[in-house]
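These notes are about the structure you will find just below.
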Amino acid sequence: MDYDKMDVDAADEMGSPASGSGSFSAFVSELASLHRRSSSSSTASSSSPPLSLASLTFLSSSAAAPLSSFFQRIAAAGLPTSSLSAPLAASLSAHPLPAAVAYLRLLLAPASPLLSLFSPLPFLSLLLALRKASSAAAHDATNPNSGSGNKSRKRKYQQRPPTARVPSLLPEALSLLANAAGRVPLEEHPDARRSLVDTATELMAFDVLAAVLGSDYRAEAVPDVVRTLVPVVFSASKSAARAAAVEFLVRNVVPLGAEEGEDGVRKAVAYLPRCLAKKAPEKSEARALAVEAIVEVLRAMGPYEREGFATYVVAMARGKAKGRLLAVDLVLAMLPSLLPSEGDDCGLQEGSWGLKFVRLLVERCSDSVGGVRARALMNAAQVLDVLSERGMEVDQLQEVTRIGNMGLGELLRLRCTDDKAAVRKATLVLITKAIRLIGRPVDELLLSAMGAACSDPLVSIRKAALAAISEVFRNFPDERVTKEWLQAVPPLVIDSETSIQEECENLFLELILNRICQAANLKLEDHSIDMEDVFPEGTLDLLKSICDGEVVPCIKKICASLGRKKKLKPLLASSLQNIITISESLWLRSSRPIEKWTAPVGSWWLLSEVSSFAPKSVNWKFLSHHWKLLDNVGQDGRGKVCSKEEPNSALWAVDRVSLLQTISNVSTELPVEPAAELAHSLLTRIENFDMHLSELDAHVKSLKTLCKRKAKTAKEGESLIQKWVKQLVCKAVGILDDCIKETSEAGGRNFFTPLSGKVKGRKETSKSMSQAVIAIFTIGSLILACPTANVQSVIPLLHTIITSGNAEPRPKNLAGGAVSFKELAPSLYIQSWDTMAKICLVDDKLAKRYIPLFVQELERSDLATLRNNIMIAMADFYVRYTALVDCYMSKITKSLRDPCEVVRRQTFILLSKLLQRDYVKWRGVLFLRFLPSLVDESEKIRHLADFLFGNILKAKAPLLAYNSFIEAIYVLNNCLAHGAHSESQGRSDRGPALFAIR
């Protein structure tokens with residue numbers, strides 16, 4: 001039958017010719033109808049109607065379309081091959097996927113006339129159809145119910161018929177496209193080729209890209225493939241698409257650059273790493289992924305290409321900032337591949353790429369851009385790890401890291417004080433890694449820089465500094481490093497960051513306490529004479545260093561925290577006892593008098609701190625023996641102390657305090673009878689009123705705990721305490737009353753004479769005055785140990801002393817009013833104020849009367865010691881009687897500008913603690929009074945002020961400085977021109993001039 005002569009209207013009356021049987025004859029009938037319609041069209045530009053869906057389904061079905069003889073049968077039907085182009089092109093818009101599959105199957109059919117069937121525009125329409133189909137499929141996958149969202153709502157009893165999901169033709173279309181990509185003539189159609197590559201990359205159809213690279217036009221396609229894959233490779237996440245793109249570059253693109261390949265392709269492939277480097281993003285995560293991709297590509301290349309890219313990296317490291325930042329990352333990633341796997345030189349011979357890269361990295365550590373410096377320092381730490389694992393010697397590493405006359409230590413010191421926080425952090429990390437390269441002795445400036453970094457405002461830098469200086473201490477535990485570590489690390493136990501506190505405690509346990517524990521099982525050998533030879537190296541230095549007055553409070557807090565967490569081992573207490581015992585044995589072995597022996601400095605103090613958490617580990621015989629030795633007690637018939645010569649009395653006094661503290665801590669484990677004997681001995685010693693003031697508190701506290709241990713019940717223990725407290729108060733009052741009478745009768749004589757004075761009367765008076773000072777101090781200790789004690793008889797005597805010399809009238813029966821104890825007996829005068837403050841802490845009625853006197857004395861006293869003590873008392877009053885003291889804050893803060901540095905520092909610390917605990921608020925003149933401390937003459941005060949404003953105030957009141965800026969200008973310049981600011985400064989006192997800096 002001749003289909004060219006078929007009537008078109010008859011064909012239309014068939015309805016859908018291919019819908020019935022889907023036979024070839026039906027398809028040919030429809031095609032002939034469309035061909036005649038397009039031929040008879042009056043305008044050449046009129047578009048052809050699309051093929052019906054049934055015809056497209058027939059063509060796209062591999063079972064129903066015998067394409068092996070398709071074109072012969074079309075020709076036999078009298079239809080030209082070009083008659084297929086227009087309907088198929090129109091069908092790509094009407095039915096995208098079926099038309100695309102049909103079109104591709106026709107292109108792949110045997111004896112397919114590619115030149116007449118293929119056209120760029122239909123091919124571009126085919127690619128667009130595939131992209132749309134892929135987007136629709138992705139949308140349906142993420143929103144499976146979105147298709148029914150706009151339909152009218154149906155009632156509950158109306159059930160929708162289930163819709164069968166039609167299998168997608170997209171996978172088949174992509175498979176056919178991969179087969180057709182190498183056959184279609186795209187070398188003459190660059191736009192179609194680029195669109196094909198773009199579509200394949202967008203759809204992640206790597207088999208299509210592989211077919212493109214295997215075609216005759218691969219030389220032109222390679223740049224297009226690289227161009228489209230680079231954005232996928234640089235995606236900001238480790239997705240499957242990115243991994244597949246990198247793998248495709250490595251397995252499919254790089255092999256094209258083999259020597260036997262085309263010259264243009266080889267050049268394009270060799271340029272691939274540079275292309276990736278030029279287009280690498282600046283953000284850290286994306287840059288890291290770019291570096292990873294570049295290294296993967298380089299591994300697949302030959303040594304010639306790798307060396308060429310290494311040359312490019314060196315040049316890039318001296319170019320723009322973006323390139324320098326990428327170069328330091330590439331150096332770290334490429335270095336392992338440039339080093340040989342074996343060999344003593346580790347590939348760092350002169351002229352080798354390994355040496356060039358290491359020196360390049362060290363050079364970038366001094367880059368002008370902070371981000372490059374930080375990255376170079378961070379990468380240098382990892383490079384040193386790599387070189388150390390390769391077995392490189394320390395001397396060679398030191399030589400490699402030297403640039404000119406500047407070694408690694410000097411470089412680290414400079415970078416530790418860098419103005420960029422990231423650089424400082426990276427430097428501290430590098431110190432932790434490169435500690436073996438720094439060498440001994442460690443540079444003092446570098447140590448100081450690490451110590452200062454432990455107080456950095458940034459938490460991350462404090463953590464890095466803590467790790468760095470601890471690593472230095474772990475490797476070089478000499479005296480200078482130990483001192484710097486103890487000055488920098490223990491104060492971090494009060495850091496605002498909990499993790500830093502915990503790390504500080506763990507490091508103290510590891511580096512200090514565990515090392516002291518090594519002496520627990522030591523035994524004294526017969527030939528041993530020197531303590532340094534007996535104990536592990538550095539043990540005695542550690543004990544000596546932890547007694548530094550500035551770090552003692554922090555170490556106490558650390559020990560208490562470790563004890564509560566049950567991390568203090570009983571072995572530590574045993575070790576300290578062993579150290580003291582061995583020290584005493586070595587002293588006696590050398591036939592020296594025991595009166596001149598002192599235990600290793602710090603051993604008794606540390607034992608007193610840890611004994612409360614391991615009381616069962618402290619031996620009572622050990623304590624009893626050393627108490628008798630240190631106290632030098634010889635009992636006679638009168639029960640008085642027989643003193644012998646004590647050349648080391650000051651050290652023995654300190655050790656006695658620590659020993660008494662230890663006894664108090666372990667009192668629950670002591671036998672009852674020895675505890676009673678020791679309590680009687682302590683009471684006798686206190687009643688003599690002749691001991692050093694530093695020992696009194698320890699004696700009173702120990703006596704209190706021993707009485708509780710001696711008593712059978714708690715009530716009996718309290719009764720015993722009240723009894724001896726009353727006894728001591730009565731004796732102290734008698735001594736103080738006699739001293740006041742003697743002073744009043746003396747009529748103003750100065751009772752304090754030089755020690756060389758030979759007048760007997762003056763000696764006796766001086767002795768009675770000293771005993772009165774001890775008696776007053778004892779009363780203060782007693783009132784704190786037993787707040788319920790009756791001290792009413794003491795208050796008039798103390799009032800007499802602290803108000804002596806005043807012009808105000810006083811009762812005639814009160815002795816001492818006519819003389820000034822401040823001039824005649826300053827020590828008695830100061831201790832009277834201290835004891836009165838302690839009484840006021842437990843008596844609120846008395847506090848209301850005397851707090852104004854304390855404030856008055858703080859302002860007018862010319863004794864720095866007294867001002868310092870009153871400032872401490874005022875801080876305690878602020879906690880106990882906040883409402884009473886708050887009105888005096890403007891006068892209290894004047895001590896921040898006290899002439900004495902100790903008073904200024906003490907005031908600053910006390911007020912800062914009150915601010916942290918919210919007893920004092922940042923309001924009024926307080927902020928303005930604190931500001932001059934930033935430029936104080938004392939470096940310690942300036943450091944405290946920097947920490948207060950940079951850490952505490954920044955967190956508690958971040959906008960305070962901003963809101964007080966204008967007022968601060970007036971105050972600091974002592975400007976009273978503005979009335980409001982004049983009132984805020986306090987015109988009635990000398991505050992404005994005192995707190996001005998000009």
- line: Contacts satisfying side-chain hydrogen bond (donor to acceptor under 3.5 Å, both in side chains) that involve residues 372-384 (not counting sequence neighbours) are D329-R375, D329-N379, R373-D418
statement: Quick note, salt bridge (Lys or Arg N to Asp or Glu O under 4.0 Å) partners involving residues 270-282, not counting sequence neighbours, are none
task: Quick one: list whatever passes ring-ring contact (aromatic ring centres under 6.0 Å, His included) with F309, sequence neighbours left out.
output: Y312
field: Set of residues satisfying salt bridge (charged side-chain N to carboxylate O under 4.0 Å, His left out) with respect to R242, sequence neighbours excluded
entry: none
NZ/NE/NH1/NH2 to OD/OE distance under 4.0 Å, D198 and R227: yes
Pair R474 + E510, salt bridge at N-O below 4.0 Å: yes
Could you list the donor-acceptor pairs under 3.5 angstrom formed by side chains in residues 291-302, with sequence neighbours left out?
{"from": "E296", "atom 1": "OE2", "to": "R299", "atom 2": "NH1", "distance (Å)": "3.2"}

- prompt: For residues 421-430, which residue pairs qualify under side-chain hydrogen bond (donor to acceptor under 3.5 Å, both in side chains), counting only residues two or more places apart or in two chains?
  reply: R424-D456
task: Using the test salt bridge (charged side-chain N to carboxylate O under 4.0 Å, His left out), find all partners of E484 that sit at least two apart in sequence or belong to another chain.
output: none
query: With a 4.5 Å heavy-atom cut-off, do L272 and L276 have their side chains touching?
result: yes
- line: Residues passing the salt bridge (charged side-chain N to carboxylate O under 4.0 Å, His left out) test with E502, sequence neighbours excluded, are none
message: Could you check whether atom CD1 of I494 has more than 12 heavy atoms from other residues, nucleotides or ligands sitting under 6.0 Å from it?
response: no
query: Do any pairs count as a ring-ring contact (aromatic ring centres under 6.0 Å, His included) and have a residue in residues 357-383, sequence neighbours left out, and if so which ones?
result: none
message: With heavy-atom distances below 4.5 Å as the criterion, would you say the side chains of D224 and V212 are in contact?
response: no
task: Check L562 against L509 and note the closest heavy-atom contact, atom names and distance.
output: CD1-CB, 4.2 Å
Qualifying ring-ring contact (aromatic ring centres under 6.0 Å, His included) pairs, either residue in residues 478-497, two or more places apart: F473-W485
message: Is it true that E471 and T432 share a donor-acceptor pair across their side chains at a distance under 3.5 Å?
response: no
message: Test: side-chain hydrogen bond (donor to acceptor under 3.5 Å, both in side chains). Region: residues 940-949. Which pairs qualify, not counting sequence neighbours?
response: E550-K940
- request: Using the test side-chain hydrogen bond (donor to acceptor under 3.5 Å, both in side chains), find all partners of D541 that sit at least two apart in sequence or belong to another chain.
  value: none
